[in-house]
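Because the structure is a prediction, the values reported are computed rather than measured.
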Amino acid sequence: MVRFIILFLIIFDIAFPPVKAVGSAVFALVAMAPMLYSYNVSQKLFNYVKILQLPLLIVFSVILFSLFITIISTELELTFTLSICKTLIILFSCLLYISVFETNRLSHDLINVFFVNAVICFVAGSVPSLLEFVYIFKPDNSLLSWIPYRNAFLAGSGFFGISTAYGLVFFLICYLIKEEKQPLMFYLKSLTIILAGVIAGRTAMLGLAFGGLLFLLDIKKMIAFLIVIIISIGLFLSIDALSIYSHWVFELINSEGGGTESTNILFSMYDSEFSTSQLLVGDGLYDNYYMNVDAGYLRHLYFGGIFLVILSIFFPIALALSSKNRLFMLFIVPICLLYHFKGAFIFHSRIGMPTLFMLCIIFQQNNARNKS
């Protein structure tokens, strides 16, 4: 139970009042810190740092580079740097977690925490009084939606932030189905996770799209995957509380132009023009969606120029190299790069980053087991 609670606090980084900006990952880190006195834990932590030294080095480099950009810019704005520092704390929380607790069931532990939050989403979204309680633990209570379930998760981020993490877990589900036979309970949990993740944001479906590619050469597993998808769609359309949002979920399919309102806005952002100075070193500004853009690459370009964009692209690649797993490189890296095309995912997603980090460990360990 302690292991589950700690993992839940790390992944979802709940905003506990009155120090909402701190986030629950910090509390989890503090709770595990005394375990560093154990030689075994310290040795494991050192070994994991060695395995993941390249992505960690990139994060440190981004922090130093952001400080440099902030110093030379016309305005002193630390929003970007503080965001990266928070990500670094979350990543160290992940490192300490996998050093303290056994990781042989990390993949299923990750599935369980996302399943529990999916249940919380459906229960809180259906009961207004519980939804008000959940809003207490969010950094910004003004971020509401006409679909109450979209922001009904017990998490420090909602909408795009949590949907990207669910999308990564969608891929993990597909991977686990491909690797070994799963019990019925696993499929029931998966259905719940898929429904909640898609409601959180349509971006999550990207994980299913890439996950489905794993079954191209395995007909039996492909059938199992398609059954899960068909049942998920059937449940979504048959449950009254959810079916009224079906037009929003399937807007891409229903639209005549082959796009959605949000994707049309997104592509229009990339029509922006940049000065030579912006391309080289950016403007050093990031807060309040500077230049009215929320696309990840554009936000990084406006803040720190092309060098920061290159670091953003290389970060998931560095995780893939650390995992030494070709599936991570072939599937998860493109998912991350596409997520960052849509919004500020790489370096900034308070839920997506720890989920991505845990997936790196899962794939690294699976790769090691396959070789042994």
Side-chain angles (χ1 to χ4, degrees), residues 10-11 13 15 19-30 33 45-46 48-97 139 156-157 161 164 277-290 294-322 333 336-337 339-340 343-358 360-361:
I10 292 173
I11 295 295
D13 199 37
V19 285
K20 291 189 173 185
V22 175
S24 61
V26 175
F27 294 111
L29 182 63
V30 171
L45 180 61
F46 178 75
Y48 280 123
V49 170
K50 284 180 62 178
I51 292 172
L52 298 163
Q53 57 184 327
L54 182 57
L56 288 172
L57 179 62
I58 291 175
V59 175
F60 277 113
S61 300
V62 171
I63 291 174
L64 294 176
F65 181 71
S66 68
L67 287 173
F68 168 74
I69 293 297
T70 300
I71 291 172
I72 66 173
S73 65
T74 56
E75 297 183 34
L76 183 63
E77 183 188 296
L78 294 173
T79 305
F80 184 94
T81 305
L82 292 175
S83 176
I84 305 297
C85 288
K86 179 60 185 290
T87 297
L88 183 63
I89 292 173
I90 291 175
L91 295 185
F92 270 112
S93 299
C94 294
L95 282 172
L96 189 52
Y97 176 86
S157 301
T164 54
S277 174
Q278 286 175 327
L279 289 173
L280 292 176
V281 294
D283 293 331
L285 299 174
Y286 185 82
D287 199 13
N288 298 321
Y289 295 102
Y290 178 64
D294 62 358
Y297 296 115
L298 292 180
R299 297 193 73 183
H300 282 182
L301 186 63
Y302 278 124
F303 177 82
I306 193 68
F307 180 68
L308 183 57
V309 174
I310 293 173
L311 288 176
S312 305
I313 294 172
F314 191 61
F315 178 73
I317 296 175
L319 285 173
L321 294 174
S322 299
V333 169
C336 294
L337 296 179
Y339 279 162
H340 201 62
F345 174 76
I346 299 173
F347 299 138
H348 302 285
S349 177
R350 297 171 68 174
I351 303 177
M353 284 295 97
T355 305
L356 178 62
F357 213 60
M358 291 301 190
C360 177
I361 296 300

[X] side, atom [atom1]; [Y] side, atom [atom2] - distance, nearest 0.5 Å:
{"X": "I84", "Y": "L308", "atom1": "CD1", "atom2": "CG", "answer": "7.5 Å"}
{"X": "S73", "Y": "F68", "atom1": "OG", "atom2": "CZ", "answer": "10.5 Å"}
{"X": "L29", "Y": "L91", "atom1": "CG", "atom2": "CG", "answer": "11.0 Å"}
{"X": "I351", "Y": "T164", "atom1": "CD1", "atom2": "OG1", "answer": "7.5 Å"}
{"X": "I58", "Y": "I63", "atom1": "CD1", "atom2": "CD1", "answer": "12.5 Å"}
{"X": "D283", "Y": "I69", "atom1": "CG", "atom2": "CD1", "answer": "9.5 Å"}

Minimal non-hydrogen separation, [X] against [Y], with atom names:
{"X": "P55", "Y": "S322", "result": "CD-OG, 3.2 Å"}
{"X": "L96", "Y": "A33", "result": "CD2-N, 3.9 Å"}
{"X": "P354", "Y": "C94", "result": "CB-SG, 3.6 Å"}

Give me each pair satisfying salt bridge (charged side-chain N to carboxylate O under 4.0 Å, His left out) with a member in residues 78-88, each pair once, sequence neighbours excluded.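 Qualifying pairs: D13-K86.
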
For residues 303-318, pull every pair meeting salt bridge (charged side-chain N to carboxylate O under 4.0 Å, His left out), keeping only residues two or more places apart or in separate chains.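 Qualifying pairs, neighbours excluded: none.
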
Check: [Y] and [X] side chains under 4.5 Å, non-hydrogen atoms:
{"X": "C360", "Y": "L52", "answer": "yes"}
{"X": "F303", "Y": "V281", "answer": "no"}
{"X": "M353", "Y": "F315", "answer": "yes"}
{"X": "V49", "Y": "L95", "answer": "yes"}
{"X": "I346", "Y": "Y339", "answer": "no"}
{"X": "L285", "Y": "Y302", "answer": "no"}
{"X": "L64", "Y": "F60", "answer": "no"}

Going by ring pair (Phe, Tyr, Trp, His ring centres under 6.0 Å), name the residues that satisfy it together with F65, two or more places apart in sequence or in a different chain.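 Partners of F65 by the ring pair (Phe, Tyr, Trp, His ring centres under 6.0 Å) criterion, ordered by chain and then number, come out as F307.
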
Residues that F357 engages under ring pair (Phe, Tyr, Trp, His ring centres under 6.0 Å), provided they are two or more places apart: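 With neighbours one apart ignored, the set is empty.
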
Return the set of residues passing side-chain hydrogen bond (donor to acceptor under 3.5 Å, both in side chains) with [X] (not counting sequence neighbours), or none when no residue passes.
{"X": "T81", "value": "S66"}
{"X": "S24", "value": "none"}
{"X": "S157", "value": "none"}
{"X": "S83", "value": "H348"}

Kindly write out the residues that satisfy side chain to side chain contact (heavy atoms under 4.5 Å, CB included) with [X], not counting sequence neighbours, or none if the list is empty.
{"X": "I313", "value": "Y297, V309, I317, L337"}
{"X": "A15", "value": "K20, P139"}
{"X": "T79", "value": "E77, Y286, D287"}

Determine, step by step, whether F347 and L88 satisfy the side chain to side chain contact (heavy atoms under 4.5 Å, CB included) criterion, reporting the C-alpha distance in whole Å, the side-chain angles of both residues, the deciding distance to 0.1 Å, and the verdict. CA-CA 9 Å; F347 299 138; L88 183 63; over 6 Å; no

For a ring pair (Phe, Tyr, Trp, His ring centres under 6.0 Å) check, start with the C-alpha distance between H300 and F80, then their side-chain angles and the critical distance, and finish with the verdict. CA-CA 9 Å; H300 282 182; F80 184 94; 5.5 Å; yes

